[in-house]
Amino acid sequence: MMKQAGFFDVEERLARLSGLGDQLEAFSRTVDFEVFRPDLEKALAYSDGSKGGRPPFDPVLMFKILVIQTLNNLSDERTEYLINDRLSFMRFLGLGLSDRVPDAKTVWLFRERLTQAGAIDGLFNRFDATLRNAGYLPMSGQILDATLVAAPKQRNTNAEKADLREGRMPEDWQDKPSKLSHKDRHARWTLKFTRAKRQDDGTMPSSDLAIPFFGYKSHVSIDRKYRFIRKWKTTHAAASDGARLREGLLDKTNTASSVWADTAYRSKANEDFMEKQGFVSKVHRKKPHLKPMPRHIQKSNAGKSVIRSRVEHVFADQKSQTGLFVRTVGITRATMRIGLANRECPIFCV
């Protein structure tokens, strides 16, 4: 007969988890989640309960559930199961073994309400203010880059694809709401270029690989000092990287004016924009057309690469920690998902 677990047995198990290095416990010590309560309550606009009915779960508790979900790349159903199963999750959420746990539908509804309220920008700004108050000021200049974020692939006809590219809703979808709800009209196909690998005989292919990719793109600006994501933007996967520089991606509060980025961001429009805004361009220069790269530009680009590569580490750590995969449909929900990952990355990805 198995012994029933008691209070002190649970406490001993939690103490062991702490000794093994519980990341969620460290997160709780670093971030005071109560600072998000005003933004959450404003976005959710909960009633005062005077009309009766079961009261909603605490919004801070639900927000922390989204944190767990994003950090572990979980579906709503898997989130519900693991909260019931893992002591580390329960401790992070402040739940006891006998407390009621939100089900998958409740988690979905909470995330959907935040998404429809457009709350992610306010929550991100609140989190950034928390970092600044803790002494993590944006310093030493900033680095821009973008990464692709996969979404569930769509099975559309060529005619439907043409309509979507032109911003039109395919005629066959308009009177089929159930079909429309499963169709992502915002994600796009693009080509993802990867370096070709050396062949078995030791030779290198003459060109890199171009792999079709479907989904969205996360554009970010990190500070050079702490590598925290300070500004971000979500677009479809085929959107140009360079044009985003002029769409609010630069952080004017950084203590230094230098901006590093790869050649995708090098354009006269961007250079003029940065000069007018008081930024100093450290953007890589492009190779002259049909001419060899001058030696002094090669040397300059190499020096810039040492600094610019820091943003690649952020993306790599972010994807290894959170998975960074969009399970939902539409850019509004994708923005919420990517925004949560960008907000949580500073604590776990540095």
Side-chain angles (χ1 to χ4, degrees), residues 121 124-125 128 137-149 165 167 186 188-194 208 210 213 215-316 318 331 334-335 338-339 342 345:
D121 285 338
F124 191 94
N125 292 337
D128 189 59
L137 298 174
M139 302 174 67
S140 305
Q142 57 196 297
I143 308 169
L144 274 60
D145 206 352
T147 189
L148 293 169
V149 182
R165 282 194 295 269
H186 305 118
R188 293 288 185 273
W189 284 97
T190 189
L191 290 176
K192 180 179 181 180
F193 294 93
T194 60
D208 292 337
F213 184 94
Y216 293 92
K217 189 176 287 187
S218 173
H219 308 262
V220 306
S221 170
I222 69 168
D223 68 278
R224 180 186 174 190
K225 173 71 173 179
Y226 296 109
R227 296 187 299 165
F228 287 175
I229 296 173
R230 303 291 182 169
K231 297 285 184 179
W232 63 282
K233 186 179 183 68
T234 300
T235 66
H236 61 74
S240 165
D241 293 354
R244 308 288 83 78
L245 181 145
R246 307 188 302 277
E247 297 179 356
L249 208 57
L250 292 176
D251 182 9
K252 295 182 179 180
T253 67
N254 197 292
T255 60
S257 58
S258 296
V259 177
W260 286 267
D262 62 28
T263 55
Y265 296 84
R266 169 68 69 169
S267 69
K268 186 177 186 307
N270 282 349
E271 295 299 306
D272 291 344
F273 178 84
M274 285 188 283
E275 184 177 2
K276 290 179 181 178
Q277 296 293 322
F279 294 103
V280 176
S281 174
K282 301 289 185 179
V283 179
H284 282 222
R285 291 188 177 275
K286 300 179 181 179
K287 176 182 174 297
H289 183 59
L290 299 178
K291 295 181 181 179
M293 177 75 83
R295 187 61 181 269
H296 71 282
I297 294 181
Q298 284 186 9
K299 189 174 181 179
S300 175
N301 281 349
K304 294 172 182 175
S305 293
V306 174
I307 297 173
R308 197 200 66 80
S309 63
R310 295 187 180 192
V311 72
E312 301 289 352
H313 301 158
V314 171
F315 286 142
Q318 187 181 54
I331 195 168
T335 299
I338 293 170
N342 288 342
C345 190

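We count residues from 1, following the sequence as given. All values below come from the heavy atoms of this structure, side chains included, with hydrogens, waters and symmetry mates left out.
- With a 4.5 Å cut-off on side-chain heavy atoms, I331 and Y216 count as touching.
- Side chains of F213 and L191 form no contact here, defined as non-hydrogen atoms less than 4.5 Å apart.
- Applying the side-chain hydrogen bond (donor to acceptor under 3.5 Å, both in side chains) test to pairs two or more places apart or on separate chains, none has a residue in residues 255-265.
- Between R244 and L249, the shortest heavy-atom distance links the atoms O-CB, 3.4 Å.
- Rounded to the nearest 0.5 angstrom, T253 OG1 and M139 CE are separated by 11.5 Å.
- Of the possible donor and acceptor atoms, one in the side chain of K287 sits under 3.5 Å from a partner among the backbone N and O of K291.
- A donor-acceptor pair under 3.5 Å links the side-chain atoms of N301 to the main chain of R285, judged by distance alone.
- N254 and R230 share no side-chain donor-acceptor pair at under 3.5 Å.
- Remark: aromatic rings of W232 and F124 are close, center separation under 6.0 Å.
- Remark: the backbone N or O of H296 is not paired with any side-chain donor or acceptor of S300 at under 3.5 angstrom.
- For the 3.5 Å distance criterion, the side chains of H219 and T234 fail to qualify, holding no donor opposite an acceptor.
- The two residues G141 and A256 make their nearest non-hydrogen contact at N-CB, 3.3 Å.
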**Prompt:** Which is it for T190 and K217 under the side-chain contact (heavy atoms from CB on, under 4.5 Å) test, yes or no, and what are the steps along the way?
**Reply:** CA-CA 10 Å; T190 189; K217 189 176 287 187; 5.8 Å; no

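- Heavy-atom neighbours of K252 NZ from other residues, nucleotides or ligands within 6.0 Å: at or below the threshold of 12.
- The shortest heavy-atom contact between N342 and I229 is OD1-CD1, 3.5 Å.
- With rounding to the nearest 0.5 angstrom, the CG atom of D145 is 7.5 Å from the OG1 atom of T147.
- No more than 12 heavy-atom neighbours from other residues, nucleotides or ligands sit within 6.0 angstrom of CD on E275.
- Contact between S305 and H284 at its shortest, heavy atoms only, is OG-CE1, 2.8 Å.
- In this structure, K225 contributes its side chain and P138 its backbone to no donor-acceptor pair below 3.5 Å.
- Salt bridge K268/D272: present, at least one basic N to carboxylate O contact under 4.0 Å.
- You'll find the side chain of F228 stays beyond 4.5 Å of the side chain of I222, heavy atoms only.
- Looking at R227, its side chain never comes within 3.5 Å of a backbone N or O of V314 through a donor-acceptor pair.
- When all heavy atoms of K304 and V283 are compared, the closest pair comes out as NZ-O, 3.1 Å.
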**Prompt:** Can I307 and R224 be said to form a side-chain contact (heavy atoms from CB on, under 4.5 Å), step by step?
**Reply:** CA-CA 8 Å; I307 297 173; R224 180 186 174 190; 3.6 Å; yes

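- Judged by distance alone, with hydrogens and angles left aside, the side-chain atoms of D223 form no donor-acceptor pair with the main-chain N or O of Q142 at under 3.5 Å.
- The two atoms that bring I338 and S218 nearest to each other are CG2-OG, 3.5 Å, heavy atoms only.
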**Request:** Starting from the C-alpha separation in whole Å, work towards a yes-or-no answer on side-chain contact (heavy atoms from CB on, under 4.5 Å) for L245 and M274.
**Result:** CA-CA 9 Å; L245 181 145; M274 285 188 283; 4.1 Å; yes

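- In this structure, the side-chain hydrogen bond (donor to acceptor under 3.5 Å, both in side chains) partners of E271, at least two apart in sequence or on a different chain, are R266, S281.
- Considering N270, V311, V259, D241 as possible partners of L144, the one that fulfils the side-chain contact (heavy atoms from CB on, under 4.5 Å) test is V259.
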